[in-house]
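Read through the structure below, which is laid out as structure tokens, and then see the notes.
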Amino acid sequence: MRKIAFLSFLVFVLFVENVQAQDMHFTQFYSSPVYLNPAMTGLNVCDRVTMVYRNQWPGISRAYSSYLVSSDHYIPDAKLGVGMLMAHDQAGSGNLMTTIMSPSVAYELRVSQEFGIRFGIQPGLTQRRINYKKLVFGDQIARGGDVPTIEESKPSKTYFDAGTGILFYTKQFWGGFALNHMNQPNESLTGTKSRVPVKYTLHGGYSHLLNPDERDEAKRRSITSVFHYRHQKKFDQFDFGLYYRENVFTAGVWYRGLNVVKQYKRGYQNNDAICLIVGLQNKRTSFGYSYDVTISKLSSVSQGAHEITLSYQLCTRKKKKVRLTVDCPKF
């Protein structure tokens, strides 16, 4: 009984103090550009509203569920993009919840007719909550199910969180770098210090038109290569792959992992998933669905990950003055 009590307490301490490495992430990262890099705020020709839902590892009880809503707008006279991001993430038997509310601002600098640079900042608030009533602690087991004795614990913590980013782009090529949790806020729920480590994000891509002489945009076909690298404390994640787009249809596939470059320890390769993506889009609406096929040691129990995105533009391109934008896929 003492061993069970000790192990239960140890699991709780490790869970609360090391959960800082769990930033929510999305397979269709270009469908949530304001979350990916604040420098992409207002980059679209039209105002847009985007919604994302992700169900990660449904085969594991109470794993990760993430929700995101964002909107952004471009102010031509000021060369500014402004946006708002709201996101919510829930995981674990204790309903560990993370809620984010972050405005973002980006300034656009046109170096030439074909090349632009954007700088973005993203100050915001984050709240982390946990339901202690749904957790079982070691002293409860030892005392037959009584109320646990938790010292200096708080059910929630709200803190200021800041990020920034930069984007270089032409019509066909783009590359960006972003920093999140620059101020390394304290997210501890136990009265101790637990700093959120800085997350570094590097992303980019290249879009190649297969029929460049086609004037009708709806009939153009293209292949786009993309990559997305994230680093936070000792964790790394790297996505790379291809999209094919024709008319209203988009299909993509890529690999997530750093198998050749890095492994976390012997016997644990840095393999995560093969991601399959399909999407439909017209002048105003974009819909995407992706499924992550788990290839790590969790493959037998995780049942992959499902993600759905929906984006709506509040105008059509014909009603806006044409400006240099990134031709990246919306999925």
Side-chain angles (χ1 to χ4, degrees), residues 23-26 28-52 66-89 98-111 115-127 158-171 174-183 185 199 201 203-205 228 281 283-286 288 309-331:
D23 263 29
M24 66 182 79
H25 72 93
F26 299 98
Q28 304 173 58
F29 43 86
Y30 283 120
S31 288
S32 51
V34 179
Y35 181 75
L36 173 66
N37 188 339
M40 300 186 79
T41 304
L43 181 59
N44 200 44
V45 172
C46 305
D47 302 343
R48 61 186 166 186
V49 177
T50 300
M51 294 174 286
V52 183
S66 303
Y67 309 83
L68 182 145
V69 177
S70 66
S71 62
D72 58 341
H73 168 74
Y74 182 69
I75 307 174
D77 295 338
K79 298 182 180 180
L80 288 177
V82 293
M84 174 60 72
L85 165 71
M86 292 176 287
H88 180 78
D89 185 67
T98 303
T99 303
I100 300 172
M101 182 174 292
S102 298
S104 58
V105 179
Y107 176 73
E108 185 175 278
L109 176 64
R110 289 288 296 274
V111 179
F115 179 67
I117 303 176
R118 302 180 114 251
F119 308 90
I121 57 173
Q122 193 170 53
L125 293 176
T126 298
Q127 182 186 71
T158 302
Y159 52 85
F160 174 75
D161 201 353
T164 187
I166 186 171
L167 180 73
F168 304 90
Y169 63 103
T170 66
K171 181 63 177 176
W174 67 94
F177 177 73
L179 293 175
N180 299 99
H181 319 304
M182 294 174 56
N183 55 320
K199 182 176 75 173
T201 301
H203 61 92
H228 184 204
Q281 61 182 12
K283 292 182 178 180
R284 287 181 177 266
T285 307
S286 299
T309 64
L310 181 63
S311 180
Y312 182 75
Q313 294 188 134
L314 303 181
C315 72
T316 60
R317 290 177 179 267
K318 294 180 179 180
K319 295 181 181 180
K320 285 279 187 177
K321 181 180 179 180
V322 177
R323 45 185 269 265
L324 181 63
T325 59
V326 174
D327 191 26
C328 62
K330 301 297 188 297
F331 313 103

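Hydrogens, waters and symmetry mates play no part in the numbers below; they use all other heavy atoms, side chains included.
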Kindly compute the distance separating CG (Leu310) from CE (Met51), expressed to the nearest 0.5 Å.
4.5 Å
State, yes or no, whether a side-chain contact exists between Phe115 and Phe168 at a heavy-atom distance under 4.5 Å.
yes
Ignoring hydrogens and angles, tell me if any N or O in the side chain of Gln122 forms a donor-acceptor pair with the backbone of Gly165 under 3.5 Å.
no
Which atoms form the tightest heavy-atom contact between Ile100 and Ser102, and what is the distance?
CG2-OG, 3.4 Å
Would you confirm whether Asp47, through its side chain, and Leu314, through its main-chain N or O, come within 3.5 Å as a donor-acceptor pair?
no
Do you know the tightest heavy-atom contact between Val52 and Ser32?
CG2-CB, 4.3 Å
State the CZ-CG distance between Phe119 and Leu109, to the nearest 0.5 angstrom.
6.0 Å
Within the 4.5 Å heavy-atom criterion, are Thr309 and Phe26 side-chain neighbours or not?
no
Is there a side-chain contact between Tyr74 and Lys79 in this structure, where contact means two heavy atoms from C-beta onward sitting under 4.5 Å apart?
yes
For the OG atom of Ser66 and the CG atom of Asp89, what is their distance to the nearest 0.5 Å?
3.5 Å
Out of curiosity, His73 NE2 to Asn44 CG, how far, rounded to the nearest 0.5 Å?
12.5 Å
So Thr201 and Asn37, do their side chains get closer than 4.5 Å, heavy atoms only?
no
Any side-chain heavy-atom pair from Phe160 and Pro123 closer than 4.5 angstrom?
yes
For Gly124 and Pro103, which heavy atoms make the closest approach, and how far apart are they?
CA-CD, 4.3 Å
Where the side chain of Ser104 meets the backbone of Ile121, is there a donor-acceptor pair that is under 3.5 Å apart?
no
OH on Tyr169 to CD1 on Ile117, rounded to 0.5 Å
9.0 Å
Any side-chain heavy-atom pair from Tyr30 and His203 closer than 4.5 angstrom?
yes
Taken to the nearest 0.5 Å, the spacing of Ser70 OG from Met40 CE works out to 11.0 Å
Please name the pair of heavy atoms, one in Ala162 and one in Asn183, separated by the smallest distance, quoted to 0.1 Å.
N-OD1, 3.2 Å
Specify the closest pair of heavy atoms between Met101 and Met84, including all atoms of both residues, with the distance to one decimal.
CG-SD, 4.1 Å
Would you say that Arg48 contacts Pro33 through its side chain, given a criterion of any heavy-atom pair below 4.5 Å between the two side chains?
yes
Any donor-acceptor pair under 3.5 Å linking the side chain of Arg118 with the backbone of Thr41?
yes
Answer yes or no: is there a side-chain heavy-atom contact under 4.5 Å between Val49 and Ser71?
yes
